[in-house]
Amino acid sequence: MVVLDVVVPAYNEALRLPDTLILLRAALAELGVPCRVTVVDNASNDGTGDVVTSAPPGRVPVRLLWCGEPGKGFAVRTGVLASDARYVGFCDADLATAPAALGQVLDLLADGADAVVGSRAHPESVVEERHSVLRRWGAVAFRGAVRQVVRGVSETQCGFKFFRSDVARRVFAPLRCGGFAFDVEVLGRAERAGARLVEIPVNWVDVPGSRFSPIRHGWQSFVDVAKIQWRLRGADVAPATPMPVATLPVTPDVTGGTAAVGMRP
């Protein structure tokens, strides 16, 4: 049984994906439980899928899924709903969030958290960013708008979130926002279902090549948040108490091993 499945949405990531897979698989191998990486090719045209299918075998398998519906949110939904793992979540293809936090994620989920949310706004986070003044102020305004939808976490947009499988299916199955604000809808639905959201600090580096543009996508994100708020209207936020937790033990990985891979500092 796969314990942790990490979904990586990928649109034209043929250049960055090889290093990402090496680093991510190495971090997962350190956890000592059966893990898997699921790359969802979001209608790329640069050979992203070929990078995945040509990845060398190892103790952490990699599989490829296809999502023809444009949008990061829809790509993540495809991977989450196709997962049979006990816990499932996603990280970005640029690996801006250091994968070393996966150990803490697994521990928290095993201890009863329904969802673990990486947050750059956490006081213990280490963030290296090179954003413009426009983008920084836009982020502040966006967080203010998001507070009307998600109240239990201080930041929703870090691409590093993991869930119990039943919780993940419950919040991703009805997802209608496929754009950059999809995290808001996912976390808003989780809160309204009574899921216990645990926010953790991250080591995050602003990696060049982001798909997000404040000019092209900023206004749309605000529009999407307004739509999400309307969509979830009338649904009270349930108390943040844990849902029933499966008591299956976390068993050691006995699938074999590969040569050690150096991790990024």
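Counting from 1, the numbers follow the sequence of the chain as shown. Just so it is clear, the structure is predicted and the values come from calculations on it, not from any experiment.
Of all heavy-atom pairs between Asp41 and Gly49, the closest is OD2-N, 3.5 Å. When all heavy atoms of Glu155 and Ala121 are compared, the pair lying nearest together is CB-CB, 3.8 Å. When all heavy atoms of Thr20 and Ala93 are compared, the pair lying nearest together is OG1-O, 2.6 Å. Annotation for Phe163 and Leu109: closest pair C-CD2, 4.1 Å, computed over non-hydrogen atoms. Minimum heavy-atom separation, Val3 to Ala85: O-CB, 4.0 Å.
Only one option out of Asp183, Asn42, Asp92 pairs with Lys72 in a side-chain hydrogen bond (donor to acceptor under 3.5 Å, both in side chains); it is Asp92. Of the listed residues (Val40, Leu95, Leu24), just one forms a side chain to side chain contact (heavy atoms under 4.5 Å, CB included) with Val8, and that residue is Leu24. Partner Glu185 forms a side-chain hydrogen bond (donor to acceptor under 3.5 Å, both in side chains) with one of Gln229, Arg231, Lys227, Arg176 and no other, that one being Arg231.
Between Phe182 and Phe90, the angle of the ring planes lies from 30° to 60°, which puts this pair in the tilted group.
Look at Arg164 and Asp114 and you find a salt bridge, because one of the NZ, NE, NH1 or NH2 atoms lies within 4.0 Å of a carboxylate O, short of that distance. Ion pairing between Asp5 and Arg63 holds under the 4.0 Å rule for side-chain N and carboxylate O. Ion pairing between a basic and an acidic side chain is recognised when a charged N comes within 4.0 Å of a carboxylate O; Asp84 and Arg36 show such pairing.
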**OP:** Kindly indicate, with the supporting measurements, whether the criterion side-chain contact (heavy atoms from CB on, under 4.5 Å) is fulfilled by Val153 and Ser119.
**Re:** CA-CA 8 Å; Val153 298; Ser119 171; over 6 Å; no

**OP:** Give the C-alpha distance, both sets of side-chain angles, the deciding distance and a yes or no for side-chain contact (heavy atoms from CB on, under 4.5 Å) between Phe162 and Val6.
**Re:** CA-CA 8 Å; Phe162 296 86; Val6 181; 3.9 Å; yes

Original post:
Is there a side-chain contact (heavy atoms from CB on, under 4.5 Å) between Asp224 and Val184 once you walk through the steps?
Top reply: CA-CA 9 Å; Asp224 285 342; Val184 179; over 6 Å; no

